[in-house]
Every structure is written in C-alpha cells, then in structure tokens.
Amino acid sequence: MKERGMMPYLQRLILHPRAGKIFLCLLASAYLVYLVAFGRFLSTSLSAPRQTVVEHPVDTNPGIVISHWTAASMRDATDADVQNSNASDLTQGSLEQSLGAQQEGQPPRNGNASYPLSTVGKVFFTNAAGQNMSCSGTAVASLNQSVVDSAGHCLYWNGDWVQNLIFCPLYDNGSTPYGCWAARDLEVPSDWIHARPNDYHHDLGMAIVSPNSQGNLTDLVGGAGWAYNQSADQPFYAYGYPAGFPFDGQTRKSCENSLGKSSPHGGGTVVSIPCNMTGGSSGGPWFIKINGNLYLNGHNDFTSFIRPGHMFSPYYDDTWYALYDKAQHT
C-alpha cells in the first residue's frame with residue numbers, strides 16, 4: 001500500500017516546476033558526490049604500488065666483509081645446492097608474454113677481450129647457520145654500475161637473508177684478477193619470500209655491491225646486456241661454477257647452444273635446457289643471442305626428476321625487470 005501511494009506523490013513532485021527543479025538538483029548533487037568518491041577510490045586502486053620487491057640493506061662494512069674471505073675459505077665454501085623440484089606441472093606450454101625488451105651491455109673500460117664472460121663470477125656468502133657457501137652470478141649493465149644478478153635462494157633462503165656476500169668475477173682456482181665486491185644491499189621479489197614449497201618460478205635475486213679498491217664493478221669487468229619477456233624456444237648459453245660431483249667449483253663451466261623449452265611451474269613459467277651443471281652453478285647466467293650479441297635472459301636454478309639431465313631457470317618476465325630496475329636505482 002505504501003509503495004502504491006508513493007508513485008503518485010513522486011509524480012506530483014516532479015511535475016511541479018519548482019519542486020521538480022529542487023528534486024533534480026538534489027539528485028544531481030548526490031550523483032556528483034558518488035562520482036567524486038568513486039573516482040578517488042579508482043585512482044587510489046590504480047596508483048597504489050604493488051609490493052614486488054623486498055629489500056635488505058647490509059649494515060656490515062665492506063672492508064670487513066672482504067676480509068672475511070681468504071683464498072682458503074673460498075676453496076672450502078660449500079656449494080649452494082641447485083634446488084630440486086618435485087613439482088609435477090612441468091609440461092611444455094606456450095607463453096602469454098608481454099612485449100619483449102632488451103638493453104645493450106656495457107663493455108669494461110679496459111676493453112677486456114673476454115667480455116661479456118668477464119661479467120661472470122662466483123658469489124660467496126655465509127648462511128644463517130654460519131656455513132660459508134657459494135653460488136654464481138653476473139655483473140649487469142646498470143645505472144649505478146653495481147648490480148649482480150643471481151638466484152633468489154643465494155640471497156634469501158629458509159626464512160633468512162645471507163651474510164658476508166661478495167661477488168668475484170672471473171674467479172679461477174682462487175684467483176680473482178679484479179678482486180671482489182661486497183654487497184651493500186640484497187633484493188628479491190616479494191613472491192619469492194612467500195613462495196610455496198617447490199615453486200621456483202620467481203627464484204630471482206639482485207645484489208647491489210659497494211666499490212672495491214679499484215672502483216665500480218661494471219667499470220672494471222663490464223656489465224652484461226639483458227633481455228626479458230623473450231621467446232623460450234631458442235638456444236641458450238649457460239655458465240656457472242658447479243661444485244657438486246663431478247665438478248669442484250674452481251673453474252667456470254658452460255652448457256652452450258642448448259635449446260630452451262618453457263613449462264608451467266608453480267605460479268608461473270620456467271625454462272629448461274639440456275645441461276649437466278650441479279650445485280654451485282646456481283645464479284650463473286643464461287645468455288641468448290640477439291643480432292650476434294649475448295644478453296642475459298635466465299640463470300641456473302633448479303633440476304627436476306621429471307626432466308633429468310636438464311637445468312631450469314625462472315622465466316625473466318616483468319617481475320624480473322621490476323627487481324632489476326629497483327636494484328639499479330638503489
């Protein structure tokens with residue numbers, strides 16, 4: 001009854017000239033308030049930055065970190081295992097990739113003929129239990145000339161950040177021709193911090209290093225060019241310092257011209273290549289060739305019984321670029 005009586009009242013109100021104008025003004029004002037409030041909500045939602053990178057500033061003096069490592073402690077460092085995945089979703093799949101991008105490399109100032117392999121080296125660190133361990137890494141072309149690309153599990157593992165991290169390019173049997181650089185900051189994606197077990201699709205990491213006695217990192221050894229959101233169906237050139245049997249971690253090894261294959265894994269995508277490198281090679285670069293030049297586009301990361309004789313890398317996607325870009329501005 002009340003509802004049937006309401007309509008004639010509204011009709012009379014709207015049909016009355018002055019009352020109608022007042023009603024329409026009130027209605028317009030209410031709508032305007034709604035639009036403003038919705039616009040603010042939408043703007044806040046779109047502009048709110050997503051937490052994609054977790055940063056860990058290192059508060060140890062670089063000189064103290066460098067002095068922690070002697071030739072003997074480097075040789076005795078235990079290799080950080082290449083991770084073993086029991087995930088069962090390693091089936092070949094197609095990539096829904098964004099537009100690919102790349103950056104030219106930065107040759108060293110002395111014109112080292114081995115560039116870009118001069119950018120490859122060993123990463124040494126101490127884990128939360130106090131053990132000295134090793135991985136591999138790559139000096140990357142960057143605005144601050146100080147970025148090292150590696151695996152996330154070489155920087156953050158089992159709920160703890162590593163300590164005493166240094167990067168030694170061109171390491172060979174204890175020799176470090178340019179010395180080593182100590183990390184001043186460590187960074188990994190937030191979804192590596194919170195990754196589920198056996199999910200390595202964003203096992204990514206960047207170390208930002210302080211200058212050593214000779215200068216900035218990429219000024220001395222060069223910075224590798226990089227590319228992301230690239231096709232996985234192409235040859236890769238992988239390098240690292242495997243230390244697990246049958247290797248000893250003292251010399252750089254490679255798996256060259258190995259054809260890549262993409263697979264869904266965990267919450268994203270990974271790439272595999274035929275390669276027999278073992279623990280200690282984690283974080284070592286995978287390069288692709290573009291117009292004859294090598295570009296960083298992956299790293300040694302994990303193996304799987306589902307595809308024996310292969311090494312896997314996270315797919316270098318927008319998350320990799322966000323991590324890299326944060327590192328080069330740190």
Side-chain angles (χ1 to χ4, degrees), residues 69 74 77 79-80 82 103-125 133-142 145-151 154-155 165-181 183 204-209 212 214 216-227 235-244 247-258 273 275-289 293-301 311 313-314 316 320 324 327:
W69 294 98
M74 289 180 181
D79 61 279
V82 169
Q103 169 66 49
E104 295 289 335
Q106 173 195 332
R109 67 186 183 192
N110 67 357
N112 189 306
S114 69
Y115 175 82
L117 296 187
S118 58
T119 66
V120 182
K122 288 197 75 167
V123 172
F124 295 94
F125 59 91
M133 306 192 76
S134 68
C135 276
S136 302
T138 314
V140 187
S142 54
Q145 299 184 312
S146 303
V147 174
V148 178
D149 181 84
S150 191
C154 299
L155 279 61
L165 188 142
I166 64 171
F167 174 64
C168 305
L170 287 168
Y171 177 92
D172 187 75
N173 282 298
S175 171
T176 55
Y178 294 96
C180 300
W181 281 258
L204 306 163
M206 300 278 177
I208 302 90
V209 297
N212 71 4
Q214 299 190 60
N216 289 322
L217 174 63
T218 62
D219 211 22
L220 271 294
V221 302
W226 50 260
F236 286 82
Y237 301 78
Y239 300 88
Y241 288 82
F247 306 103
D248 64 4
Q250 295 306 302
T251 56
R252 187 182 67 214
K253 303 297 181 184
S254 66
C255 295
E256 299 185 332
N257 204 30
S258 299
I273 59 171
C275 186
N276 66 344
M277 281 197 273
T278 58
S281 67
S282 288
W286 289 15
F287 294 113
I288 58 174
K289 280 187 177 180
N293 296 318
L294 293 176
Y295 293 80
L296 177 69
N297 189 234
H299 66 251
N300 303 310
D301 200 272
M311 180 68 73
S313 169
Y316 276 25
W320 179 88
Y324 160 79

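- Sorted by first then second residue, the salt bridge (charged side-chain N to carboxylate O under 4.0 Å, His left out) pairs that include residues 105-122, not counting sequence neighbours, are Arg109-Asp219.
- Asn300 CG to Cys275 SG: the interatomic distance, rounded to the nearest 0.5 Å, is 6.0 Å.
- Contact between Thr138 and Ala224 at its shortest, heavy atoms only, is CG2-CB, 3.9 Å.
- For the atom pair CZ of Phe124 and SG of Cys168, the computed distance is 5.5 Å after rounding to the nearest 0.5 Å.
- Using a 4.5 Å cut-off on side-chain heavy atoms (C-beta onward), Ile166 and Met74 make contact.
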For this session: Would you please test Asn276 and Cys255 for side-chain contact (heavy atoms from CB on, under 4.5 Å) and show each step?
Result: CA-CA 8 Å; Asn276 66 344; Cys255 295; 4.1 Å; yes
For this session: In sequence, state the C-alpha distance, the side-chain angles, and the governing distance for Asp79 and Thr278, and then conclude on side-chain contact (heavy atoms from CB on, under 4.5 Å).
Result: CA-CA 9 Å; Asp79 61 279; Thr278 58; over 6 Å; no
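- Here CG of Leu217 is found 9.0 Å from CD of Gln106. Values are rounded to the nearest 0.5 Å.
- At a threshold of 4.5 Å between non-hydrogen side-chain atoms, the residues His299 and Pro314 count as touching.
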Problem set entry | Thr176/Trp69 under side-chain contact (heavy atoms from CB on, under 4.5 Å): CA gap, chis, key distance, verdict | CA-CA 12 Å; Thr176 55; Trp69 294 98; over 6 Å; no
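- Tested against Trp286 for a ring pair (Phe, Tyr, Trp, His ring centres under 6.0 Å), the candidates Tyr237, Trp226, Tyr316, Phe236 yield a single pass: Phe236.
- Using a 4.5 Å heavy-atom cutoff, the side chains of Ser146 and Val209 are in contact.
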Exercise. Please walk me through it: do Met311 and Ser258 pass side-chain contact (heavy atoms from CB on, under 4.5 Å)?
Worked result: CA-CA 10 Å; Met311 180 68 73; Ser258 299; over 6 Å; no
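- Between Tyr295 and Glu104, the closest side-chain pair of non-hydrogen atoms falls below 4.5 Å.
- Between Asp149 and Met206 the shortest side-chain heavy-atom distance falls below 4.5 Å.
- Thr119 places no side-chain N or O within 3.5 Å of a backbone atom of Gly222 that could act as its donor or acceptor partner.
- Looking at every heavy atom in both residues, Ile288 comes nearest to Ala227 through CD1-CB, 4.3 Å.
- Taking OG of Ser150 as the reference point, atom CZ of Phe167 lies at 8.5 Å (rounded to 0.5 Å).
- In this structure, Val221 and Trp181 approach most closely via the heavy-atom pair CG1-CH2, 4.5 Å.
- Pro285 and Val120 get closest at one heavy-atom pair: CG-CG2, 3.6 Å.
- Between the CG atom of Leu117 and the CG atom of Leu170 there is a distance of 8.5 Å, given to the nearest 0.5 Å.
- Annotation: the span from Ser281 atom OG to Arg252 atom CZ amounts to 13.5 Å, rounded to 0.5 Å.
- Looking at Asn216, its side chain never comes within 3.5 Å of a backbone N or O of Thr218 through a donor-acceptor pair.
- The two residues Leu294 and Pro116 make their nearest non-hydrogen contact at CD1-CG, 3.8 Å.
- Remark: Asn297 engages no residue in a side-chain hydrogen bond (donor to acceptor under 3.5 Å, both in side chains) (not counting sequence neighbours).
- What you find for Ser313 and Gly298 is that their closest heavy atoms are OG-CA, 3.3 Å.
- Here the side chain of Tyr239 pairs no donor or acceptor atom with the backbone of Gly121 at under 3.5 angstrom.
- Under the rule for a side-chain hydrogen bond (donor to acceptor under 3.5 Å, both in side chains), the partners of Tyr171 that lie at least two apart in sequence or sit in another chain are Gln250.
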